[in-house]
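Just below is one structure, and these are the notes that go with it.
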Amino acid sequence: MPELSALQLLLTGVIAMVVLSAVFGAILGFAAIRFKVEGNPLVEQIDALLPQTQCGQCGHPGCRPYAQAIVDEGEAINHCPPGGQATINALANLLDIPAPELDEEHGEEAELKTVAYIREAECIGCTKCIVACPVDAILGAAKLMHTVIADECTGCDLCVEPCPVDCIDMLPVPKSLSDWHWDTPDQAVSTRRNTQLIATDREPDVAA
Amino acid sequence: MNKTWDIPGGIHPPENKLQSLKQGIAEVPLPDILILPLNQHIGAPAMPVVKPGDTVLKGQLVAEPNGFVSAAVHAPSSGAIEAIEDRAIPHPSAMDASCIVIRTDGEDRWVDLHPNRDYRALTIRQLLNLVRDAGITGMGGAGFPSAVKLQPRQSIGTLIINATECEPYITADDGLIRERADEIVIGIDILAQILGNPQQILIGIENNKPEAYTALVNACESAAKNGAITSSIEVVSFATKYPSGGEKQLIQILTGQEVPSGKLPAELGIVCHNIGTVYAVFRAVYLGEPLISRITTVTGNSCTKPGNYEVLLGTPTNHLLGTAGFDEVLCQRLIMGGPMMGYTLNDLNAPVIKSTNCLLAADIVESPAGNPAQACIRCGHCSEVCPASLLPQQLYWYAKARDYDQLANHHLADCIECGACSYVCPSEIPLVQYYRAAKGEIRLIEQEVIVSDRARQRFEYHQERLTKAEQDRTAKREARREEARKKAAELAKNNSESSSADESDVNVDSEVIQAALARVSATKNSPEQELKRLERAVTAAENRLAKAEEKLRQCPDDDSRKKVLEAAVAQTRLRHDDAVNKLSRFKIADIASEQTQSANASAKLADDPTDKDQLASDRASLAIKNAQLKAARQADMSELEKLQNQHDSLQKRVEKARNRLEQAISDNDDNIDAYRVAVEKLDIKLNNSETAIANFVPDDRTSDTLHIEDSEQHN
C-alpha cells in the first residue's frame, strides 16, 4: 500500500469538505425554496393570541394589524385592554420578553364581557352601526330596524359612538350554567383569614 | 370465577353503607309540587311541549329532547302545569335554571302505557327509540343520555354493567339489586340486544355487597334456566376499593384493558352502563314506563330514618328529607351525591333529578368543619392513591399558577375528580377543587378560542369585502378617466385637423395654459416669490422675443411662413411688454404697500418726495400708487375689478328688483312689501359698493358718478 503523502491527505480532506458542503448546500437550498413559509409566521402566532375583538383600542384597525405592528414596528405588547394581562403574559411568553403591565392609556381591562344591544324601538335604520361593526355582527338595512347577532358580537364598542339616536347599549353577558365552573379554593375562601397558616397557629377568633 | 385486575392507587374510606340498608326500598308520599328541571342531563336542555295551565297525566311527555345529545322529561304524576320558570336546581353553582313546575292532583293517573313484554320481536331501532323516548340518562351520577351511549360506531364485544357503587354511604344500587334483580337481568338482556349481542356481558360488583351479588347470580341462573334471557351474564365480584366504580377503572378491573387518554371505551369495543340505568331501560321497554322515578339513598346522622327511597323525579329535597326524618338543626352539611364527589346543597327546594343517587345529611361528626389548608409538603401520598396514575401535587402547583399548558402536559383531562388525593392529603388541601376550577377555566378558554377564531374569520371576510368594494370603485373611476382621455384626444385630433396645423398656435395655447397656471399659483405666492416669478417671466419673454426675431431674420423672404413668424414675433413682443409692465406694477404695488405700513407705523410719509422721484417715470403707476395709498392696504387692481364686477351685478339685481316691484304694484300683488324691502336693501348695498369703488380709484370717479346718478334716477 503506497504511503499517502501529507499533501495527498490534505487534498483528500479538502475535497471531502468541498463535496460535503456542496451536497448540504444543495439540500438546504432546495429546502429553502420547497418549504418556504409564506408571510411572517410570527404575525400569525401573535394574532392567534389576541382576543379578536377588533375593537381598535390599541390604535390599529383590528387585531391582525396590531400583530403586524408588533412584529414590524416593535409596537409594545401591552396595548390590548380586552385581552388584559393574560394576553400580555401570553405574548411576552411567545416573544420571550418580560411581561409589562397593561398600558392604561389604551383603556382598562374590562371586568365583564359585554355585548351590544340595540333598543329596537328607537332604531331609525341609519346603517351607521352596520358600517362600524368590524365583524359584520349587525343585521339590518337602510330605514329598517337593525339588530345585533349576539353570538357574533365581540363587544368592541365601535357601534355605540356612530349611533345618532344613541340606541345601542353595551350589556354584560349574563352568566349561565353552561359557562359556570368551580372557583379555585383561594377565591372560595378568601373571606376566611389565615388560610395559609398551620392549624396550631390559628387565632382564637378564627378557631371559634 | 372471572379473573380480575387491579387498578393503581385507590383508598379505603369508612363505608358507612349499613345505615341505609336496614330497611327495604321505601315509598315517598306524593308531594304537592314536582319541579322538573329541563336540563337534568349532559347536553342540550329539553324543550317544553306543555304550557302553564295544561293538565298532564303521569308519564306524559312534558319536554322533548332538543338535539341528539339531549333527553326527554315526563310528568312523574298527574296534575296541572303551574309554571315554567327558573327555580333552584341541584347544581354546585347554586344557580337557578328553567324548570317545569307541576302541581299534583293526588290521583296519580297514568297515561296509556304500551308494554313490550316480547321485546325480542322489536328491532334495534325500535328499542333505541323506546329508550330515547323514555328520557333515560346515566343513573350513576354523570347523567349522559343513554340512547347516545347505546349506538356506538364501533361494534361492541363487551357489555359491562356497573354495580360497583364504590362511594361511601350510597346504597341505592345495592338496595335496587336486592329487591329487583330479576327485572335488572331482563334489562341487561334488552341492552345486549340493542348492542348486537356482545360476546361478553359482565356485571361488576364489589365484594362488600354479598346479598346483592347472590341475588344477581340467582336471577341470572333462573332467567337462563327458564329461557327468559338468551344472553349469558357473568357476575364478577372483586375487592372493595374506592374508586373502582369509575367507568375506566371498572373496565380495567374487569378486562385488564386501560382506556387510552382522550378515548372512549367504545373504541375498545366496550360499553359500560350503570345498573340503575339498566333497571330504567327494563321499565321503559318491558313496562312502557318512561323514567319518572329513581331509587335515592337518604342517609347521614341527621336523618332518623335513613334508607333507600323510590322517589318521583322533581320531588323537592325537603319533602324527601321530611319522609326520612331529617333534623335540620343537627345537619352540618347537606350533600347531594356521596361524600367524596358530591356537592353541598344549600337550597332545600331543589328537586331530586335523574342523577340524584344520594342525599347525605351529615352531622358535625360526619362532616367536621375542615381545617385551613396548609402548605404542600410534597409527601407524595396523593400520587400513590391516584387511580389515573397522575401526579396530583404537580397538578396542584400548576393549577395554582394557572399554567394551563403544563396542566395539559400532566394530563389534567384524565383526572376523574374522585377526591382520593384530597382524602389522603395531610395538609388538607382541597386538591380536587383546584382541578375542577382549572378544568372549567380551560374549557372556557377553549370556548373563547373558538369564538375568537370565528371573530377573526368574520373580520377577515369584512376586510376582504371592503377591499373588493374599493377596488371596484377604483376600477370604475379608472375606466371613466380612460374614456374622458379618449374623448379629449379625439376632440384634439378633430381640432387640429380642422384648423391649420400651426406651430405658433399650439405655442399660444400652451402659453395660455401656463399663464393660467401662473395666475393660480400667483394667488398663493408671497410678494417675494411673486416678484421673482415676474422677473423670471420677463427674462423668459425676452429670450423668447430674441429667439423669435432670430428666426424671422433667418427666414428667407419668399417663405410662406414669414408672415406667420412676423405675427409670432409681434405677439411675443406684446407678451414681453406685458411681462415688463406687470413687473413694474408689482414693484410699485409692493413698495406702496410697504409705504402704507410705514405710514401707519410712524408718520404720514406717503407723499415723500424721494419716493415720488423714484416712481415718477411711470405716470400710470403713480396714479395707481396714489390709489393704493388712499385705499386699504391690500387693495390692488384685481380687487378693484372685483369691486366693479360686484357693482355691475348689483346694478343688474337692483334693476330686476325694481321691475319686479313695478310689476307687483301694477298687479297689486300680495308681496309688494317684501319686494320693496328687497329693493331698499339692494340699494343700500349698491351705494356701499359705489362708495368703495369711488374711494378706490379716484380717476374713475366720472364713470362712478354716472352710475350713482343712474341709480338716483331709479330712486
Side-chain angles (χ1 to χ4, degrees), chain A residues 44 47-55 61-65 67 82-83 85-87 89-90 93 113 130-137 149 151-156 173-189 192-202 206-207, chain B residues 37 39 43-45 86 89 91-98 343 369-375 377 396 399-400 402-405 417 422 427-445 447-449 451-463 465-466:
Chain A
E44 302 286 336
D47 192 34
L49 291 176
L50 294 172
Q52 304 300 324
T53 46
Q54 320 294 355
C55 62
C63 293
R64 209 193 149 78
Q85 198 60 44
T87 299
N89 293 346
N93 197 18
K113 217 178 156 321
I130 295 181
V131 174
C133 182
V135 292
D136 290 335
I149 311 169
D151 283 350
E152 305 295 351
C153 175
T154 62
C156 70
V173 179
K175 274 231 158 206
S176 73
L177 270 181
S178 59
D179 53 38
W180 176 87
H181 64 80
W182 289 82
D183 276 338
T184 53
D186 292 342
Q187 294 162 339
V189 295
R192 216 194 290 165
R193 283 196 288 149
N194 301 329
T195 48
Q196 295 300 314
L197 290 182
I198 52 173
T200 47
D201 279 354
R202 275 183 298 165
V206 176
Chain B
N39 197 2
D86 281 3
I89 56 158
H91 192 271
S93 68
M95 278 177 168
D96 290 356
S98 190
Y343 50 88
N371 289 319
Q374 295 164 41
I377 55 170
Y396 164 65
K400 248 187 142 174
R402 292 165 199 270
D403 190 340
Y404 302 125
D405 291 340
E417 301 173 23
S422 313
S427 294
E428 297 186 47
I429 301 168
L431 292 164
V432 174
Q433 205 186 332
Y434 279 103
Y435 309 150
R436 281 174 168 167
K439 277 181 173 182
E441 271 164 34
I442 290 171
R443 204 189 66 228
L444 281 190
I445 290 169
Q447 281 172 356
E448 267 171 32
V449 166
V451 167
S452 77
D453 275 349
R454 211 169 51 204
R456 179 186 302 122
Q457 214 170 36
R458 289 181 77 91
F459 177 65
E460 276 163 13
Y461 285 150
H462 177 87
Q463 294 294 93
R465 186 165 57 79
L466 291 189

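Small disclaimer: the values here were computed from a predicted structure and weren't measured. A note on names: the letters A, B, ... follow the listed sequences, proteins ahead of strands, and every chain is numbered from 1. Keep in mind that the numbers below use all heavy atoms, side chains included, and drop hydrogens, waters and symmetry copies.
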Please round to the nearest 0.5 Å and tell me the distance separating atom CG of A:N93 and atom CG of B:D403.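 Answer rounded to 0.5 Å: 8.5 Å.
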Are [X] and [Y] packed together at the side-chain level, in the sense that at least one heavy-atom pair is separated by less than 4.5 angstrom?
| X | Y | value |
| --- | --- | --- |
| B:H91 | A:L177 | yes |
| A:H181 | B:L444 | yes |
| A:T184 | B:R436 | no |
| A:R64 | B:Q463 | no |

For [X], is it the side chain, the backbone, both or neither that has a heavy atom under 4.5 Å from a heavy atom of chain B?
| X | value |
| --- | --- |
| A:C133 | backbone |
| A:A86 | neither |
| A:S176 | backbone |

Under 4.5 Å heavy-atom distance to chain A, tell me which part of B:R456 shows up: side chain, backbone, both or neither.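 Looking at B:R456, backbone and side chain both touch chain A.
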What part of B:I89 is in contact with chain A, defined as an atom under 4.5 angstrom from a non-hydrogen atom: side chain, backbone, both or neither? side chain
Partner of A:W182 under side chain to side chain contact (heavy atoms under 4.5 Å, CB included), chosen from B:Y435, B:Y434, B:Y343: B:Y343
So, does B:R454 use its side chain to make a donor-acceptor pair with the main chain of A:D151 at under 3.5 Å? yes
To check you understand the geometry: which heavy-atom pair defines the closest contact between [X] and [Y], and what is its length?
| X | Y | value |
| --- | --- | --- |
| A:D183 | B:Q433 | O-NE2, 3.1 Å |
| B:F459 | A:P65 | CE2-CD, 4.3 Å |
| B:S452 | A:P51 | CB-O, 3.5 Å |

Counting heavy-atom pairs closer than 4.5 Å to chain A, which one of B:H462, B:E448, B:E460, B:R443 comes out on top? B:H462
B:R458 vs A:E152, side chain to side chain contact (heavy atoms under 4.5 Å, CB included): CA-CA, chis, key distance, verdict: CA-CA 9 Å; B:R458 289 181 77 91; A:E152 305 295 351; 3.3 Å; yes
Any salt bridge linking A:D136 with B:R465? Criterion: basic side-chain nitrogen under 4.0 Å from a carboxylate oxygen. yes
